[in-house]
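Remarks on the structure that follows.
To find a chain, count down the sequence lines: A is the first, B the second, and so on, and within it residues start at 1.
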There are 2 protein chains.
Amino acid sequence: MSDRRTQILDAAAMLIAERGFTSTSVDEVIKGAKLSGKSHFYHYFKSKEELGYEVLNRQFERFAERGLAILREPMIDPLERLSLFIDAVVALQAESGGRRGSPFGNLAAELADAHEGFRVRIEAVFERWASQIRSLLWEARPQLHDDVDAVRLSRFIIAALEGAVLMTRVKRDLSVLEGIAIDLKRFIGMHVRDGSTLPQGRHVD
Amino acid sequence: MSDRRTQILDAAAMLIAERGFTSTSVDEVIKGAKLSGKSHFYHYFKSKEELGYEVLNRQFERFAERGLAILREPMIDPLERLSLFIDAVVALQAESGGRRGSPFGNLAAELADAHEGFRVRIEAVFERWASQIRSLLWEARPQLHDDVDAVRLSRFIIAALEGAVLMTRVKRDLSVLEGIAIDLKRFIGMHVRDGSTLPQGRHVD
DNA sequence: TGCGTGTTGGACCGGGTGGTCCTAGTTTAG
DNA sequence: CTAAACTAGGACCACCCGGTCCAACACGCA
């Protein structure tokens with residue numbers, strides 16, 4: 001992919017994360033990417049909408065590098081990986097001081113009702129996360145209680161994290177997310193067989 | 001408060017819930033409230049921003065009628081009330097088929113970064129919820145383990161519910177919220193002393 | 001009788017929106 | 001060498017935005 005294209009995508013991703021999709025204008029993206037004018041932009045993207053879709057894809061890929069890679073890591077105990085994944089979410093938020101939030105959650109809240117095209121794409125993103133967590137839970141099933149519902153638990157984990165990130169953003173306080181991460185790990189630990197180790201890291205009350 | 005004012009507020013609340021604040025225009029509100037023109041609108045509100053603030057207040061009051069009233073209900077066991085509160089959130093979402101989402105969560109995601117005025121008001125809303133749940137947990141402390149952290153648990157409950165509502169909206173599937181509600185109740189049950197009853201309603205796996 | 005409040009309806013403003021079109025010069029790959 | 005892709009810059013479009021101003025009328029209350 002061309003340099004300029006990724007340059008535009010990066011600038012757009014930043015602006016959309018800051019202001020949302022509808023409140024980000026094409027002109028601002030052009031300014032941010034230091035393009036010469038509109039024609040330059042429309043040489044690469046046929047519409048603002050298409051730009052939004054590609055930004056979403058790119059955000060997912062970037063997140064996949066850091067988050068999903070951890071979930072897949074074959075050399076680490078699956079439940080330990082899950083714990084590391086949660087830590088990674090916290091760390092990612094810490095980078096922006098808990099101000100930025102989840103790019104998917106933000107877009108979801110902004111556009112789920114209004115724009116079907118975005119809705120289905122965001123749904124797909126969440127589904128890919130959920131399926132990754134499900135297969136991790138499947139892998140961990142010897143350590144888990146027999147009645148663990150992987151579908152439900154995976155959804156719960158994602159919902160708790162998305163909600164936590166949102167609350168953190170509103171309160172401008174990273175410790176909200178950290179606290180919820182602790183509780184979430186304890187909840188996951190609840191599903192672990194008594195004989196197994198609880199990979200929840202140090203648990204400070 | 002005058003009839004017309006509430007009429008405008010209602011129309012605005014609906015539109016903002018559907019499309020978000022920035023994507024809702026004053027003209028649309030005027031059309032929705034069947035006003036004669038802009039001067040009519042600006043007779044009641046000095047700006048779109050002020051309208052937004054009042055809509056937020058109203059949404060909170062309306063929610064308080066249904067949600068916070070349950071949390072305060074003095075004749076019911078506190079943990080039972082918490083369970084009923086969660087059920088009420090599910091029921092509220094069911095009314096819109098899980099499409100509408102939380103008016104606070106939506107605005108939070110849309111405006112937390114961009115608009116400080118809204119951010120602090122939404123923060124206050126969440127804080128009032130959290131404090132209500134905290135005092136409920138305080139009331140229930142004889143039934144709870146000694147090491148229960150009420151601040152953290154109240155935040156967790158709100159985050160899980162907000163996240164659940166968002167996921168439900170994205171997936172357009174109410175059962176997502178229902179499943180998370182079940183898990184959330186189980187998580188709360190985790191904090192209950194072994195001798196006490198677990199007021200989580202019927203628990204279907 | 002007047003005065004304040006509500007109602008109607010429209011003209012108007014500066015500024016922004018996504019998007020098109022056109023011309024022309026510069027790279028780069030076949 | 002030539003064609004296609006890229007860069008540049010600006011004019012222009014119809015439309016929407018929040019907000020102001022004005023003139024006129026209806027109403028109940030003092």
| query | Given side chains that start at C-beta, do those of D77(B) and Q143(B) come closer than 4.5 Å, heavy atoms only? | reply | yes
| task | Walking along DNA chain D from 5' to 3', note the first and the last nucleotide with an atom under 4.0 Å from a heavy atom of chain B, and give both. | result | dC17(D) to dC22(D)
| query | So, for F187(A) and F156(B), is the gap between ring centers shorter than 6.0 Å? | reply | no
| query | Applying side chain to side chain donor-acceptor pair (under 3.5 Å), which residue pairs with at least one partner in residues 154-163 of chain B are found, sequence neighbours left out? | reply | S102(B)-E162(B)
| request: Would you classify F45(B) as touching base, sugar-phosphate or nothing, given that sugar-phosphate means primed atoms plus P, OP1 and OP2, and contacts are heavy atoms under 4.0 Å? | output: nothing
| Hey, does S47(B) reach any base, or is it just sugar-phosphate, or nothing, if we go heavy atoms under 4.0 Å? | sugar-phosphate
| request: Give one of base, sugar-phosphate or nothing for T24(A), where a contact means two heavy atoms less than 4.0 Å apart. | output: sugar-phosphate
| message | If you count heavy atoms of other groups shown closer than 6.0 angstrom to CZ of R128(B), is the number above 12? | response | no
| request: Tell me, please, whether F21(B) has K48(B) positioned over its six-membered ring: NZ or CZ under 6.0 Å from the ring centre and within 45 degrees of its axis? | output: yes
| When you list every nucleotide of DNA chain C with an atom under 4.0 Å from a heavy atom of chain A, which one comes first 5' to 3', and which comes last? | dT17(C) to dC22(C)
| said: Checking the side chain of E110(A) only, and the main-chain atoms of T22(A) only, is there a donor and an acceptor separated by less than 3.5 Å? | reply: yes
| remark: Between S39(A) and F21(A), whichever has its closest DNA chain C nucleotide further toward 5' is F21(A)
| request: May I ask you to decide if S25(B)'s main-chain N or O and E28(B)'s side chain share a donor-acceptor pair within less than 3.5 Å? | output: yes
| request: Please figure out whether K46(A) or S23(A) has its closest DNA chain C nucleotide nearer the 5' end. | output: S23(A)
| request: Would you indicate whether R99(A), at its atom CZ, is surrounded by more than 12 heavy atoms from other residues, nucleotides or ligands within a distance under 6.0 Å? | output: no
| request: Name the nucleic acid region contacted by F41(B), choosing base, sugar-phosphate or nothing; use a 4.0 angstrom heavy-atom cut-off, strictly under. | output: nothing
